[in-house]
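Notes follow once the structure below has been shown.
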Amino acid sequence: MGPAIEARFPRPSVMGVVNVTPDSFSDGGVNFDAVDAVASARRMAADGAALVDVGGESTRPGSESVSAAEELRRVLPVLEAVAGELPVSIDTAKAEVARAAIDLGAELVNDVTALRGDPALADVAAETGVYLCLMHMRGEPRTMQTHPRYDDVASEVAGFLEDRLRFAVAGGIPEEGIALDPGIGFGKTLQHNFELLRRLDVLLSLGRPVVVGFSRKRSLGRVLGDPEAVTGSVAASVGAAVAAYERGATILRAHDVREHVEALAVAHAVSDANAAAAAPP
Ligand code: HH2
């Protein structure tokens with residue numbers, strides 16, 4: 001591992017989403033072709049993404065999982081094309097996929113199962129020293145949106161992530177390389193998603209940098225009054241990212257990188273006098 005994760009990816013850093021899938025909820029296949037995915041990844045980096053998050057399995061509500069062979073078939077051509085050129089994270093729960101990506105230079109493993117999906121993934125992370133994002137999910141994508149219920153969503157999500165953090169550290173993964181993510185939309189109602197941001201301090205109290213991925217999620221369309229919305233707009237996504245940043249989030253996972261980078265640069269200049277001072281008068 002290099003520097004601590006927050007030194008490598010300072011607040012705010014944008015993680016651009018490159019879904020090499022036919023069925024993602026938000027970009028529904030635009031990057032399923034490797035050539036398109038590579039072009040998107042390059043554009044995101046040019047637009048200021050600190051990382052491009054390459055994934056070969058959709059986790060949208062209702063989706064089915066895919067095999068490691070199929071996931072590799074999707075992501076490898078993209079990872080090979082950008083290896084050594086762009087900073088990459090791999091969105092996978094599978095050790096085999098993570099290892100192949102790390103061999104091609106991926107710096108971070110983004111595991112939406114928080115090391116529950118594949119017992120071999122913790123060893124890969126410990127051996128390679130890759131950065132790791134542990135995300136909260138209630139249930140599994142196929143069923144997670146059926147009546148999610150919590151007594152206190154912020155403390156239950158934080159409690160879960162604290163356990164997964166302890167598990168990872170006990171497995172030999174350095175704590176300085178780990179970030180935590182409340183998992184917006186993963187087994188949560190609109191009210192849960194907004195409460196998690198409102199009370200992000202509960203998660204921050206675990207002392208790890210926080211990743212938030214609200215980009216284009218359906219709660220953003222529904223809070224604007226459309227009860228059937230399956231995605232949220234760019235403007236709504238940017239609003240959520242700025243709100244998350246102001247409450248302490250470090251990495252913002254987003255599809256529309258340029259808009260997020262610009263909005264977050266302004267929010268950063270407001271909150272940090274040094275950032276404003278670095279700009280031309
Ligand atoms: N959300 C999605 C996928 N991976 N990873 C993290 N750390 N945090 C998130 O909120 C998150 C994630 C779902 O969004 P998307 O990638 O756009 O869709 P799909 O899962 O359908 O590919």
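For this chain, numbers begin at 1 and follow the sequence in order. Ligands are counted one by one from 1 in listed order, and the atoms in each one are counted from 1 as well.
- Between D23 and ligand 1, no N or O atom pair is found at a separation short of 3.5 Å.
- Classified by interplanar angle (parallel below 30°, tilted 30° to 60°, perpendicular above 60°), the ring pair Y245/H268 is perpendicular.
- Counting heavy atoms under 4.0 Å from ligand 1, residue T59 touches it through both backbone and side chain.
- Remark: ligand 1 and G213 share an N or O pair separated by less than 3.5 Å (distance only, no angle test).
- Using a 4.0 Å cut-off between heavy atoms, V212 makes no contact with ligand 1 at all.
- The ligand atoms of ligand 1 that sit less than 4.0 angstrom from a heavy atom of S24 are 19 (P), 21 (O), 22 (O).
- Counting the atoms of ligand 1 from 1 in the order shown, those under 4.0 Å from a heavy atom of N19 are 15 (P), 16 (O), 17 (O), 18 (O), 22 (O).
- V266 and V242 fall into different hydrophobic clusters, where Ile, Leu, Val, Met, Phe, Trp and Tyr are joined by side-chain heavy atoms under 4.5 Å apart, directly or via other members.
- Using a 4.0 Å cut-off between heavy atoms, D91 contacts ligand 1 through its side chain alone, with no backbone atom that close.
- Of all the heavy atoms of F214, none lies under 4.0 Å from any atom of ligand 1, so neither backbone nor side chain is involved.
- For the residue pair D53/N110, the side-chain donor-acceptor check at 3.5 Å is satisfied.
- Contacts with ligand 1 closer than 4.0 Å are made by no heavy atom of D53, backbone or side chain.
- No side-chain heavy atom of E57 sits less than 4.5 Å from a side-chain heavy atom of T92.
- At a threshold of 4.5 Å between side-chain heavy atoms, the hydrophobic network of Ile, Leu, Val, Met, Phe, Trp and Tyr places F167 and V112 in two separate groups.
- In this structure, of H136, R60, M135, K217, the residue bringing a heavy atom nearest to atom 1 (N) of ligand 1 is K217.
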